[in-house]
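Input: a single structure, listed below in C-alpha cells.
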Amino acid sequence: MDMINLTINGQKISAPAGTTILEAAKQNGIYIPTLCYDEAVEVYGACGLCVVEAEGIPKLLRSCSAKISEGMVVNTESERVVKSRKIAMELLMSAHDGDCIAPCQLACPANTDCQGYVGLIANGKFDDAIKLIKNKISLPASIGRVCPHPCEKACRRGKVEEPINIAQLKAFAADLDLKGDSYVPDVADSTGKKIAIIGGGPAGLTAGLYLRELGHEVTVFDMMEKMGGMLRYGIPQYRLPKEVLDAEISLIEKTGVKMVNNCRLGRDITLDEIRNDNDAVILAPGAWKSSPMRVKGEDADGVYGGIDFLRSVIKGSPVEIGERVAVCGGGNTAMDACRTAVRLGAKEVYVIYRRTEKEMPAEEIEIKESKEEGVIYKFLTNPIEIHNENGRVTGMTLQIMELGEPDASGRRKPVAVEGKTEYIALDSVIMAIGQKLDSTDFTSVELTDRGTIKADEDTFMTDLDGVFAIGDATNKGASIAIEAIGEADRCVKVVDAYLNGEELDFTPKYISKRDDSRIDLSAKEKEPRIVAGVLDADVRKANFDEISLGLTVEEAKKEAERCLECGCREYFKCKLLSVAQRYDINPDRFAGEMPQKYTRDENAFIERNTAKCILCGLCVRSCKEVMDISAIGLLGRGFKSSVSPAFSLPLDQTKCTNCGLCVSLCPTGALTEKSALSKQVPLLEDVSIETVTVDGKACELQVSRYNGEVIRAVPNNDNARNCSLSRDELIKLVK
C-alpha cells in the first residue's frame with residue numbers, strides 16, 4: 001500500500017494514498033469538526049465545517065472530500081479556517097430552533113435540572129429524582145419548602161395556564177427519600193487536602209458536601225448552637241420544620257463532613273489559625289445583622305430587626321411584642337415576621353409597605369395566606385416617626401405615598417403626598433427591610449463599600465490566597481438561599497481546581513434558546529396546576545405546625561406530567577452543540593424568518609422534530625444508501641428546504657423499519673429514539689458498546705440501559721447497520 005507523507009498542524013504524519021484529509025487527520029488523532037460526514041454514506045459536504053487551509057492552494061478545502069498529496073502542509077485551525085467555520089456555524093444555528101436547556105433550569109441560580117427530575121417523578125422514578133436533585137441541591141426538602149422558585153417564573157407551561165409546581169415536586173421527592181432508606185452520595189478516595197468552611201448555612205453546607213464527595217477533608221465551623229444558618233434561625237417552623245432540616249443535615253454529616261458549632265471567628269478561632277491548618281478556606285458566614293430604617297425613634301424599646309425577631313422565636317425565647325404590631329417591609333422576611341406575630345397572639349398585625357401590593361417582592365401566596373390569617377396591609381405608606389413613652393413604643397406616624405416614575409429596579413418610585421399622614425397605635429415595630437454581614441469578625445479580608453466581603457465574581461477568591469467567599473456575606477449582599485447554593489456549587493469546582501494547581505475557563509458556553517414569541521402553545525390542552533393543600537387559616541394561625549400538607553404520590557405524578565419538556569434530551573451528546581461551543585459565535589446576526597415550522601412527527605419508536613434539523617442529509621443518505629429504503633427525503637428548494645417522509649406522510653405510513661440508523665447519525669436531536677418510559681427523562685442510563693453475532697458476523701451495537709432495562713440498541717458498525725434483524729430483535733439479543 002502506497003503511503004503519503006504530509007504535515008497537519010505541524011505534525012508529520014503518513015496515510016494511505018487516496019485517503020481524504022479528514023480521514024488522515026482522524027487516524028492520527030487530529031480533530032476536524034464535521035456534522036454531515038459518516039463513513040457509512042457517500043461524501044456530501046453540506047455543513048461546511050470541515051474546511052482546512054493547505055499551503056499553495058488559494059481556496060479552503062473541504063477535508064471530507066479533498067485527498068491528501070505528498071508533502072502537503074495543512075492547517076486545520078488557522079485564522080481563516082476558524083472565521084469560515086464560525087460563519088458556517090452561525091448560519092446553521094440561526095435556523096436551528098430548539099432549547100438546549102429548559103428555561104426553568106436556566107432560571108435556577110443553582111442550575112438544577114428541573115425538567116429532568118420532574119420527568120422522573122412523572123414516571124414514578126422517585127429514587128432517581130432525588131439523586132438528580134442532589135447533584136445541585138444539598139438540602140432539597142428544605143429548599144423545596146422555602147425557595148421563591150425563579151424556575152417557575154420561567155416555566156413555559158405558564159404560557160398555557162400555570163407553571164409546573166416545581167418547588168413542591170422537589171420537596172415531595174426529598175420527603176419520600178427522608179422517610180425511606182435515604183440516599184447518601186458516594187465519597188471519592190481521600191485526596192489528603194483539608195478545607196475549612198466558616199458558616200453552616202445553605203452555602204456552607206452545600207460546599208462542604210460537594211467538596212467531601214470529591215474526597216477532600218472538610219470541617220464546617222458555625223457560631224450558632226446548630227447548623228442551618230438562616231434556614232434554621234430565619235425561617236419559621238410553620239414553613240420549614242426544623243426536624244426536616246435536621247434530617248437533611250445529618251445526611252451531609254454521614255458523608256464525613258465534620259461540623260463544629262458554637263465556634264465564632266474572631267472569638268474562638270482566628271482566620272490565620274484556620275488558614276495554617278487547612279489547604280483552603282471558604283467564608284460563608286451569612287448576613288445576620290438587620291438593616292436599620294433610619295427613622296426617628298427606631299432606638300426605642302419594642303423596635304426589632306426582622307431576623308432578630310424571628311431568631312428569638314425559633315430559639316424559644318421570643319421578644320415581647322404586645323397586641324399591636326407593625327411589620328415594615330414587603331419581602332418574604334416581612335411575611336414570615338407578620339405571620340409569626342399572629343401565631344404569638346398579637347391581636348392587630350399591620351404590614352407597612354410604601355408601594356402597592358402589585359409591587360411587593362413577597363410571594364403572592366404568602367400575601368394571600370397572611371390576609372387569611374388576619375394581617376392588615378397598609379399600602380402606599382412609609383414610617384416617618386416611631387413614638388414612645390418612657391422609651392417604649394406607643395405608635396407610629398406614616399407618610400401617605402403615591403407612585404411616581406419607575407426607579408432603577410423598574411418599579412414606580414413611591415413619592416410622598418405632601419401634608420398627608422396617618423397615625424397608628426402600636427406596642428412594637430419589626431423592621432424587615434433587609435440584612436447584612438456583621439463585618440466586625442472579618443476585618444482581615446478586604447470588604448466592599450457596602451461592608452460585604454469582596455470576592456471575585458468568577459473565582460470567589462478574596463484578597464487572601466486560598467481564601468474564598470460565597471453567599472449573603474459577599475459583594476451585593478443577601479439574596480435567596482438557592483442563589484447561595486448555586487454559588488457554593490460553582491465555588492467547589494474552583495476550590496478543587498485550586499487544590500490541584502489548575503485554572504478553570506469561565507467563558508460562557510453557547511447554547512441554543514428558542515424565541516418565546518415564535519412558540520405557539522394554543523393547541524396545548526389546559527390542565528389545572530396541582531398545589532398541596534394547607535391547614536385552614538383558623539387552625540394554622542393558632543400554632544406553628546407546618547401549614548403545607550404536601551403532595552400525594554398521585555398528585556405529584558399528575559402535576560409532573562404537565563411538563564412540556566422544553567429542554568433537549570440529546571443535550572449531552574449533541575454534535576451540533578459540541579461544535580458550536582468551540583467557537584465564539586453570534587447566530588443572531590443572521591436571524592430571520594425560520595425556514596421550518598416547529599412540528600413533531602413521531603411513531604412508536606422515533607420522534608422527528610423538524611425545527612432542529614440543519615439539513616445535513618445524513619438521515620436521508622443513510623436511509624437510501626445503507627438501508628435502501630428512502631423513507632425520508634429532502635422536500636422543497638433553497639432556504640425553505642426540509643427533510644420529510646415521502647409525500648409528507650407520517651413515518652408509520654412509509655417503508656420505515658424503525659432500524660434507528662437515522663437516529664444514531666443525527667447530529668442535532670432532530671431525530672430521537674423515544675424512551676421506553678412515558679416521559680422524557682435525563683440521560684441517567686448506562687451506555688455501552690456491545691457485540692452480538694448475527695449470521696456469523698460481529699455486529700457492534702450502542703446499547704443503552706435504564707435501571708438495567710435495555711431501552712435502545714443502535715448499530716455501531718457496518719455489520720450491524722447491514723444486519724437484517726429488526727430493532728426489537730436486536731434488543732432481545734443483548735438482553
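Positions are given from 1, in the same order as the sequence printed here.
- Checked options Thr112, Leu120, Asp127; the residue passing with Leu132 is Leu120 (criterion: side chain to side chain contact (heavy atoms under 4.5 Å, CB included)).
- Arg157 has no carboxylate O lying under 4.0 Å from a charged side-chain N of Glu162, or vice versa, which leaves the two without a salt bridge.
- A donor-acceptor contact shorter than 3.5 Å is absent between the side chain of Asn382 and the backbone of Arg354.
- Looking at Val531 and Leu551, their side chains never come closer than 4.5 Å, going by heavy atoms from C-beta outward.
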Going through the checks in order, is the side chain to side chain contact (heavy atoms under 4.5 Å, CB included) test met by Cys108 and Ile482?
CA-CA 8 Å; Cys108 175; Ile482 192 67; 4.1 Å; yes
Stepwise salt bridge (charged side-chain N to carboxylate O under 4.0 Å, His left out) test for Glu152 and Arg529
CA-CA 12 Å; Glu152 293 183 21; Arg529 172 181 163 108; 3.0 Å; yes
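- Inter-residue side-chain proximity for Ser182 and Asp177 is flagged as met; some heavy-atom pair is nearer than 4.5 Å.
- Asn332 and Glu366 are not linked by any side-chain donor-acceptor pair at a separation below 3.5 angstrom, with hydrogens and angles left out of the test.
- A cation-pi arrangement is present between Lys371 and Tyr377 under the rule of less than 6.0 angstrom and at most 45 degrees off the ring axis.
- A salt bridge between Asp407 and Arg355 is present, with a side-chain N of the basic residue lying under 4.0 Å from a carboxylate O of the acidic one.
- Salt-bridge check for Asp489 with Lys493: passed, with a basic side-chain N closer than 4.0 Å to an acidic carboxylate O.
- Side-chain contact of Ser290 with Gln435: a donor-acceptor pair under 3.5 Å is absent, judged by distance alone.
- The aromatic rings of Phe172 and Phe126 sit perpendicular to each other, their planes meeting at more than 60°, with 30° as the lower class boundary.
- With hydrogens and angles disregarded, no donor-acceptor distance shorter than 3.5 Å links the side chain of Lys258 to the backbone of Gly256.
- Counting heavy atoms from C-beta outward, Phe460 and Thr474 have side chains that stay 4.5 Å or more apart.
- In this structure a side-chain-to-backbone donor-acceptor pair under 3.5 Å is present from Asn123 to Gly119.
- Distance alone, capped at 3.5 Å, is enough to place a donor-acceptor pair between the Asp427 side chain and the Glu323 backbone.
- For Pro383 against Met396, the heavy-atom pair with the smallest separation is CB-SD, 3.8 Å.
- A heavy-atom distance below 4.5 Å is found between the side chains of His216 and Asp496.
- A salt bridge does not link Asp441 with Arg267: none of the charged nitrogens is closer than 4.0 Å to a carboxylate oxygen.
- Under the side-chain hydrogen bond (donor to acceptor under 3.5 Å, both in side chains) test applied with Asn475, the options Lys454, Glu457, Arg450 reduce to a single match, Glu457.
- Side-chain contact of Tyr233 with Glu225: a donor-acceptor pair under 3.5 Å is present, judged by distance alone.
- Between Ile252 atom CD1 and Thr206 atom OG1 the span is 6.5 Å, to the nearest 0.5 Å.
- For the pair Lys558 and Glu554, the salt-bridge criterion is not met [side-chain N within less than 4.0 Å of a carboxylate O].
- The closest side-chain donor-acceptor pair between His149 and Asn165, if any, does not fall under 3.5 angstrom.
- When all heavy atoms of Gly471 and Glu487 are compared, the pair lying nearest together is N-OE1, 2.9 Å.
- At least one side-chain heavy atom of Val244 sits less than 4.5 Å from a side-chain heavy atom of Arg145.
- Side chain of Glu248 to backbone of Ala141: a donor-acceptor contact under 3.5 angstrom is found.
- A 4.5 Å side-chain heavy-atom check between Leu214 and Val187 finds every atom pair outside the cut-off.
- With hydrogens and angles disregarded, a donor-acceptor distance shorter than 3.5 Å links the side chain of Asn261 to the backbone of Met224.
- Considering all non-hydrogen atoms of both residues, Val319 and Ser312 come closest at N-OG, 3.4 Å.
- Here the closest non-hydrogen pair linking Ala556 and Leu169 is O-CD2, 3.4 Å.
- For Arg343 and Tyr238, the positive end sits near the middle of the six-membered ring, less than 6.0 Å away and at most 45° from its axis.
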Check step by step if side chain to side chain contact (heavy atoms under 4.5 Å, CB included) holds for Leu283 and Ile470.
CA-CA 6 Å; Leu283 304 177; Ile470 54 176; over 6 Å; no
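- Using modelled atom types, no side-chain atom of Tyr183 and backbone atom of Leu178 make a donor-acceptor pair closer than 3.5 Å.
- With respect to Asp113 and Lys136, no salt bridge is recorded, no charged nitrogen being found less than 4.0 Å from a carboxylate O.
- Ion pair Asp186/Arg212 not flagged as a salt bridge, since none of the NZ, NE, NH1 or NH2 atoms sits closer than 4.0 Å to an Asp/Glu carboxylate oxygen.
- Residues Asp246 and Arg232 are paired through a salt bridge, judged by an N-O separation under 4.0 Å between the basic side chain and the carboxylate.
- The line from CD1 of Ile314 to CE of Met230 is 9.0 Å long, rounded to the nearest 0.5 Å.
- Using a 4.0 Å cut-off between charged nitrogen and carboxylate oxygen, Lys368 and Glu372 count as a salt-bridge pair.
- A salt bridge does not link Glu565 to Arg156: none of the charged nitrogens lies less than 4.0 Å from a carboxylate oxygen.
- A 4.5 Å side-chain heavy-atom check between Leu205 and Ile197 finds every atom pair outside the cut-off.
- Side-chain atoms of Asp472 never come within 3.5 Å of backbone atoms of Gly286 as a donor-acceptor pair (strictly under, hydrogens ignored).
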Test log, rule side chain to side chain contact (heavy atoms under 4.5 Å, CB included), inputs Leu426 and Val325:
CA-CA 6 Å; Leu426 297 169; Val325 182; 5.9 Å; no
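- Salt-bridge annotation for Glu369 and Arg339: present, with a side-chain N of the basic residue lying under 4.0 Å from a carboxylate O of the acidic one.
- Without hydrogens or angle criteria, Glu373 side chain to Ser370 main chain gives no donor-acceptor distance under 3.5 Å.
- Gln115 places no side-chain N or O within 3.5 Å of a backbone atom of Gln105 that could act as its donor or acceptor partner.
- Closest of all the heavy-atom pairs between Ile282 and Ala207 is CD1-CB, 4.1 Å.
- Phe309 approaches Ala341 most closely through the heavy-atom pair CZ-N, 4.2 Å.
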